[in-house]
Amino acid sequence: LNLIINTSDDIDIYGVRVSPDVDTVIYWLSNNIDRKKGWGIKGDTLNLVNESSSNWFNLGDLDYRSFLFFIFDFLNLTDDYTMHLAVGTAFFITIFTSTASVLTHRKHNAVDLSILKTFGLFVILGVFFGSFLAAILKTKYLILFFSIVVFIFGAYLLLQQENTKKIKPTFSFFPKAILGFISGSISAPMGITGAMMNVPILRFFGYSITKAIGSDAAIGLVISISGTLGFFSTGLYLDVSLPLSVGFINIPAFLIFIPI
């Protein structure tokens, strides 16, 4: 298959060389395109740039994982742990962006911190489990997991119907425990803060859209911290010895992205 793709719109943004048309073709061919917008990854979120300076060009969270992966792959830092390094580094970056997001939502009284006492606790357990699972998977299987989850949640977001009825929030212990663990377990190998799962979960149990998004920001901060610790410790345990990295966290990539 030979393709001719426009590269005249390529730009350097957020410290990364971006080829939007090349990305779009890849997303179309892999059936990961957001069909409503015609660009970007379906089901993607923008948590990483929510608190950044405004710009006409947005990169989604899954785009960031993709960019980190391709950067590390291009530099040939590692054959076996390229995706692991991208995910661990992304988690470290999102600690700071998630903190800013939580503080902003708290100003508008849109964060239910009580959700962290139960749901958040099992999210943490799930993240540690997911981090361990990711550590023992080879890069190609982690990429496969990443692709399958993106496809499933993209299909869900495409087919879901918004419930406009007002429901009183009711979220008992067992659903919190089970869904929290599942959310954390999936978020860790994906390197995401779980918005594509947690917001629909909170909405299903009666949270308003504002409260669901604000509370998810707090859950996302917990996932970012837990994910960073998980990939940091598993990398040290496996003694991966990656260039300019501590565990599965690449320091130069972190320093490049964090000023955004």
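A quick note: this is a predicted structure, and the numbers were derived from the prediction, not measured.
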Shortest non-hydrogen contact from Ala195 toward Pro200: O-CD, 3.6 Å
Reported OG-to-CD1 distance for the pair Ser187 and Ile182, which is rounded to 0.5 angstrom: 11.5 Å
Contacts under 3.5 angstrom, residues 113-128 side chains, donor-acceptor by atom type, not counting sequence neighbours:
| residue | atom | partner | partner atom | Å |
| --- | --- | --- | --- | --- |
| Ser114 | OG | Asp112 | OD1 | 2.5 |
| Ser114 | OG | Asp112 | OD2 | 3.3 |
| Thr118 | OG1 | Lys176 | NZ | 3.4 |

Verdict with supporting geometry, Leu244 and Ile251, side chain to side chain contact (heavy atoms under 4.5 Å, CB included): CA-CA 6 Å; Leu244 302 175; Ile251 303 304; 5.5 Å; no
Cluster check Leu103, Ile213: I/L/V/M/F/W/Y, side chain < 4.5 angstrom: no
Gap between atom CZ of Arg106 and atom OG of Ser101 - 0.5 Å precision: 13.0 Å
Closest heavy-atom pair and its distance - Ser183, Met197: O-CE, 3.6 Å
Minimum side-chain heavy-atom gap Thr193-Leu221 below 4.5 Å: no
Closest approach of Ser131 to Ala188 (non-hydrogen atoms, all atoms of both residues): N-CB, 3.6 Å
For the student: nearest non-hydrogen atoms of Val111 and Gly214, plus distance: CG2-O, 3.5 Å
Pair Phe254 and Phe96, ring centroids less than 6.0 Å apart: yes
Ile93 to Ala253 - nearest heavy-atom pair and separation: CD1-O, 4.4 Å
Side-chain heavy atoms of Thr97 within contact of Thr94, under 4.5 Å: yes
Transitive ILVMFWY side-chain link Phe181 to Phe174, under 4.5 Å: yes
Ser233 (side chain) donor-acceptor with Gly230 (main chain) under 3.5 angstrom: yes
Distance-only polar pair, side chains of Asn250 and Thr89, donor-acceptor under 3.5 Å: no
Greater than 12 external heavy atoms within 6.0 Å of Phe132's CZ: no
Heavy-atom donor-acceptor pair, His84 side chain to Leu137 backbone, under 3.5 Å: yes
Interatomic spacing from CZ in Phe248 to CZ in Phe91 - rounded to 0.5 Å: 13.5 Å
Gap between atom CD1 of Ile201 and atom CG of Asp216 - 0.5 Å precision: 9.5 Å
Ser241 OG to Leu236 CG distance, which is reported to the nearest 0.5 Å: 9.5 Å
Interatomic distance, Asn198 atom CG to Ile192 atom CD1 [nearest 0.5 angstrom]: 8.5 Å
Contact summary for Gly191 and Ala90, nearest pair of heavy atoms: O-CB, 4.5 Å
